[in-house]
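Note that the structure is predicted; figures quoted are calculated from it, not measured.
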2 protein chains.
Amino acid sequence: MDGIDRKILDLLQHDATLSIAEVAQRVGLSQTPCWKRIQRLETLGYITSRVALLNPEKLGLGLTVFVSIEAGEHSKEWLDAFAARVAAMPEVTEFTRMAGDVDYLLRVVVRDMRDYDRFYKKLIAAAPLKNVTSRFAMEQIKFTTALAIPPGDG
Amino acid sequence: MDGIDRKILDLLQHDATLSIAEVAQRVGLSQTPCWKRIQRLETLGYITSRVALLNPEKLGLGLTVFVSIEAGEHSKEWLDAFAARVAAMPEVTEFTRMAGDVDYLLRVVVRDMRDYDRFYKKLIAAAPLKNVTSRFAMEQIKFTTALAIPPGDG
DNA sequence: CTTGAAAAGAGCGGCCA
DNA sequence: TGGCCGCTCTTTTCAAG
């Protein structure tokens with residue numbers, strides 16, 4: 001992982017449609033070694049996948065909700081069952097176990113309030129929860145999958 | 001936007017390396033009409049971009065933080081300046097204006113606590129804030145960019 | 001790492017139903 | 001619309017410097 005690799009990753013995490021020739025040119029290499037680097041970065045797991053990002057509005061998915069959950073119970077059985085069920089819900093785009101007062105944080109994308117109510121009932125039916133707080137997004141000011149690749153190691 | 005278009009979008013939002021031939025086969029079309037549909041979906045803005053997703057751990061980005069912000073001031077000038085500065089920070093992957101008690105929610109990806117402290121100081125220097133609460137992620141149970149495409153319209 | 005090149009495959013477009 | 005058939009460009013692999 002040198003600077004060139006980081007540059008390649010940064011290019012591809014912003015636009016994966018770039019041809020190898022273009023990437024090679026921008027990092028100052030010829031195609032063959034550039035292609036080999038990309039292969040290596042994929043094999044080593046730096047690149048996990050290449051995906052198409054969709055416009056939620058266009059699909060009628062106008063409501064993003066952040067759900068804070070306090071669990072109450074903390075047994076391994078409970079946690080495993082809860083994690084499996086929630087992760088399987090397609091409306092949940094992000095599911096994080098947290099430190100501090102909130103045990104879990106969910107990012108949920110649905111059509112509208114009515115749709116969220118449907119999801120909410122499904123969620124509380126999945127496992128007993130001590131406390132659930134929903135916070136609703138008004139405006140998405142920034143959303144990116146691109147990471148700030150640090151210069152040091154990696 | 002019929003069922004076939006939705007199926008195409010769903011395939012590509014999970015794996016954008018699929019060739020047109022493969023997508024075509026899976027949705028039960030031949031290449032040409034499938035290719036035309038994908039072109040149309042891109043032109044109409046259903047597909048916003050194709051990106052490579054990177055592994056944050058591999059890059060030494062081990063800490064994800066959700067930052068809740070209470071603004072205090074709400075003038076247009078303040079908001080515009082604040083929004084522009086925060087959106088420009090590469091550590092911020094998501095920046096949302098919220099309804100309710102929290103005014104803004106940030107998703108921040110950094111190396112570690114030390115690195116977060118550096119970011120935090122940068123953040124509070126960007127604009128006067130009434131209240132800032134940081135919640136730290138312990139474990140990423142699920143993370144996907146794939147949306148639950150609804151059947152109706154879109 | 002570079003150049004050069006060749007085989008395989010994918011994207012792209014025209015034309016017909 | 002969808003399907004068939006080419007033309008081009010890219011990806012992928014190889015040899016040699």
Taking ring pair (Phe, Tyr, Trp, His ring centres under 6.0 Å) as the definition, give me every residue that meets it alongside B/Phe66, ordered by chain and number, with sequence neighbours left out. none
So do A/Glu70 and A/Thr133 actually touch side chain to side chain, heavy atoms under 4.5 Å? no
Over 60° means perpendicular and under 30° means parallel, so classify the ring planes of B/Trp78 and B/Tyr104, tilted if in between. tilted
We want to know whether A/Ser134 and A/Tyr116 form a side-chain donor-acceptor pair, criterion being a heavy-atom distance below 3.5 angstrom. yes
Do nucleotides 10-17 of chain C as a string where each nucleotide becomes B, S or -: B if the base has a protein heavy atom under 4.0 Å, S if just the sugar-phosphate does, - if no protein is that close. SSSBB---
Provide, to the nearest angstrom, the distance between the CG atom belonging to A/Leu29 and the C1' atom belonging to C/dT2. 10 Å
Whole angstrom is fine here: how far is it from CZ in A/Arg40 over to P in D/dT13? 16 Å
Results of side chain to side chain donor-acceptor pair (under 3.5 Å) for A/Asn55 - residues two or more places apart only: none
Between CZ of A/Arg37 and P of D/dT13 the distance, given in whole Å, is 18 Å
